[in-house]
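Report on the structure given below.
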There are 2 protein chains.
Amino acid sequence: MATIEDVARLAGLSRTTVSRVINNHPYVSEEKRQTVRSAMEQLGYVPNSIAQRLRTQTNETVAVLIPRLSNPFFSHLVDAMEDIAALYRFQLIICQTKSGKEREILYLDWLKTRQIGGVIFASSENDWQDIKRYQQYGPILFCNEYPPGTEAPIIHLDQLQGGYMGTQHLIERGHTKIGYCYSGRQNTNIRDRFKGLKLALKDHGLSIKEDWIFKDAYDTKDGGRIYYEIMALKDRPTAVFTGSDEVALGIIAEARRNGTHVPKELAVLGFDDQPIAGLMDPGISTVYQPVKDIGKMAMELMIQLIRGGHPVQQITELPLHLIVRAST
Amino acid sequence: MATIEDVARLAGLSRTTVSRVINNHPYVSEEKRQTVRSAMEQLGYVPNSIAQRLRTQTNETVAVLIPRLSNPFFSHLVDAMEDIAALYRFQLIICQTKSGKEREILYLDWLKTRQIGGVIFASSENDWQDIKRYQQYGPILFCNEYPPGTEAPIIHLDQLQGGYMGTQHLIERGHTKIGYCYSGRQNTNIRDRFKGLKLALKDHGLSIKEDWIFKDAYDTKDGGRIYYEIMALKDRPTAVFTGSDEVALGIIAEARRNGTHVPKELAVLGFDDQPIAGLMDPGISTVYQPVKDIGKMAMELMIQLIRGGHPVQQITELPLHLIVRAST
DNA sequence: TTGTATGCGTTATCAT
DNA sequence: ATGATAACGCATACAA
């Protein structure tokens, strides 16, 4: 591998001049610039970026922490982030935490060892106090989810508004008895969404019964189970806010098998607008989350921070959109 | 940030001794080892990995080239790869090529600039001759797809066997007129799959008509279009090998809308076993690809290569599996 | 406009 | 068992 020294020797100039050409410095005569260029060409020289990083104390790589990539929400999020990273020639390191506290810290340590220049949390299990101390080693920001009390930039989706909007839609369709499903996990997003639902109910003089709240709702299988739980109730909801397209799908599929008409006998609202939502028959009404948008914004901000911008405790909130199909 | 020098000073020892402790070298007395340990602790010292990389000329980061992450096949592939990388404390850099030749080369240049230690191609648009020259900068291997003439380790799925197996299944179900869909792109995988189909037909004394081959089949929308193309034929196939669950889904959905019974009037075989395949009604019979397995194998091999193993021109081929549901 | 000297934080070589 | 010193490849303060 040719080094800057080799280029300098071949060009009959100093390393400094070569370095100046590499970094497009002014005060290099056009003549010498050409000499250096051709020497680099001739030797197939490219600067060693590891040496550059050591010297300049910069690191243009960003780690993104997500639970797992096989979750479409996160793969789409990272997709958008990588687009921006590539645009700025930044590297994107993927870190699957499997929702594990220790895994998160493991990756945060990479910030300490200078293996990465910054960290974007797309989900987080640790308390802010345990993450905070890593800020001294590089920028940290949150995209999508964040622990309570976070003192770092946050870009997220307005789950409260999403919960409100979805519920209002069901109310406008004439429903007064509305059920709700949520995964067992209790993060800020899920809590906010539920707050939105309750707020919308309250604003219309309605409320939710304890019986109409279904938990452990993760996938299609859970949806099937929940269908039966709903049907077993004496006083049952006429609409369900599922919080997940998979769960909605499960309920709808089971309803069809049992001859329960959707949406006449049971309206079902999904969440996320995953591809299946539009493909099902009936199509699933759902709440679309502009994932790509927050992904891009988060990466843009991170790059500015790594390049020397200073973090402000800003919270960016993007609204969700309602997509009405046949299931409501 | 504390450096090795700071630790040495505090411990009243030399940098060399501290370095020895860091790297678990023998010939360090237990006493001094403790002294160093507590000094490191006290200063919150961690070695600067950039400096380590420069000094040792090693780089434990792997770049994975894929078309795009939002394609579930690839997100599951990378998921598996990251599991292995994390196990060995390697970093995984995600590179979306958007199926662009230039993008691939752009990322390959990272190998040259020492930003990464090795490259795994999960798809590739460039010819082997254009990739070959980068081998001198670090290990390169192919997982899933590879250009003709590749002289590097290859781990892939036996598409020919998959094509054969799927076709044979349809034949066993009594079909003699079998249609075939493929995306416009012509890569080795798609070609091999088609070879498998023709081979199976030939082995049973059958053949395919030009009319029964449908191209530009990427997604559900295309499936819908293809349904009508099939129905418009005077002599039409009674079964279709779609090469994609999305396309299969599109055909099935359109068939249902038009009252065409699946599988009685038209049997449909998918490919990939994406989640939707099992959730649809009727469930889609499909060809499952052990994506996780090749992902893990590829990353294991890459890590061995980066750690100094020498690449052998080995080809690892994994078989596909048939999943029979209701659509055939 | 160009060059000299120094240091980024490590590890490896060679003494002792 | 421990330490002094050089080297990895580069960029920059300073000098000329």
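Keep in mind the model is a prediction, meaning the values are calculated, not measured. Heavy atoms only: backbone and side chains are in, while hydrogens, waters and symmetry mates are out. Chain naming here is simple, since letters A, B, ... match the order of the sequence lines and numbering starts at 1 in each.
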Check: What do you reckon, is CD of B:Glu41 surrounded by more than 12 foreign heavy atoms closer than 6.0 Å?
Finding: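 No, because the 6.0 Å sphere around CD of B:Glu41 holds 12 heavy atoms or fewer from other groups.
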
Ignoring hydrogens and geometry beyond distance, is a side-chain donor-acceptor pair present between [X] and [Y] at under 3.5 Å?
X	Y	result
A:Gln91	B:Trp110	no
B:Thr16	B:Ser19	no
B:Asp109	B:Tyr134	yes
B:Gln135	B:Glu151	no

Item checked: chain B contact limits on DNA chain C, taken 5' to 3' with a cut-off of 4.0 angstrom to heavy atoms ->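 Nucleotide range with atoms under 4.0 Å of chain B: C:dG9 to C:dA12.
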
Check: When every nucleotide of nucleotides 6-16 of chain D is labelled 5' to 3' by its protein contacts under 4.0 Å (heavy atoms), B for base, S for sugar-phosphate only, - for none, what sequence of letters results?
Finding: BBBBBBB----

Note to self: Once you apply a heavy-atom cut-off of 4.0 Å, does B:Leu13 come out as touching a base, just sugar-phosphate, or nothing?
What the structure shows: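 Counting heavy atoms under 4.0 Å across all strands, the contact made by B:Leu13 is with sugar-phosphate only.
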
Margin query: Among residues at least two apart in sequence or on other chains, which ones pass salt bridge (Lys or Arg N to Asp or Glu O under 4.0 Å) with B:Glu102?
Written below: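 Here no residue qualifies.
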
Next item on the list: Return the residues of residues 29-41 of chain B meeting this criterion: a heavy atom under 4.0 Å from some atom of DNA chain D. Order them by number, or give none.
Entry: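 Those residues whose heavy atoms fall under 4.0 Å from DNA chain D, taken from residues 29-41 of chain B in numerical order, are B:Ser29, B:Lys32.
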
Margin query: Angle between the end axes of the helix from C:dT1-D:dA16 to C:dT16-D:dA1, five pairs per end, to the nearest 10 degrees?
Written below: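 Axis angle across the helix from C:dT1-D:dA16 to C:dT16-D:dA1, nearest 10°: 40°.
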
Notebook entry, point to check: Is the closest basic N to carboxylate O distance between B:Lys98 and A:Asp83 below 4.0 Å?
Noted result: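 Answer for the salt bridge query: yes.
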
Margin query: Ring centres under 6.0 Å, that's the criterion: do A:Phe142 and A:His156 meet it?
Written below: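 Ring centroids of A:Phe142 and A:His156 are no less than 6.0 Å from each other.
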
Check: For A:Glu60, what residues pass the side chain to side chain contact (heavy atoms under 4.5 Å, CB included) criterion, not counting sequence neighbours?
Finding: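 A:Glu60 satisfies side chain to side chain contact (heavy atoms under 4.5 Å, CB included) with A:Phe90, A:Arg307 only.
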
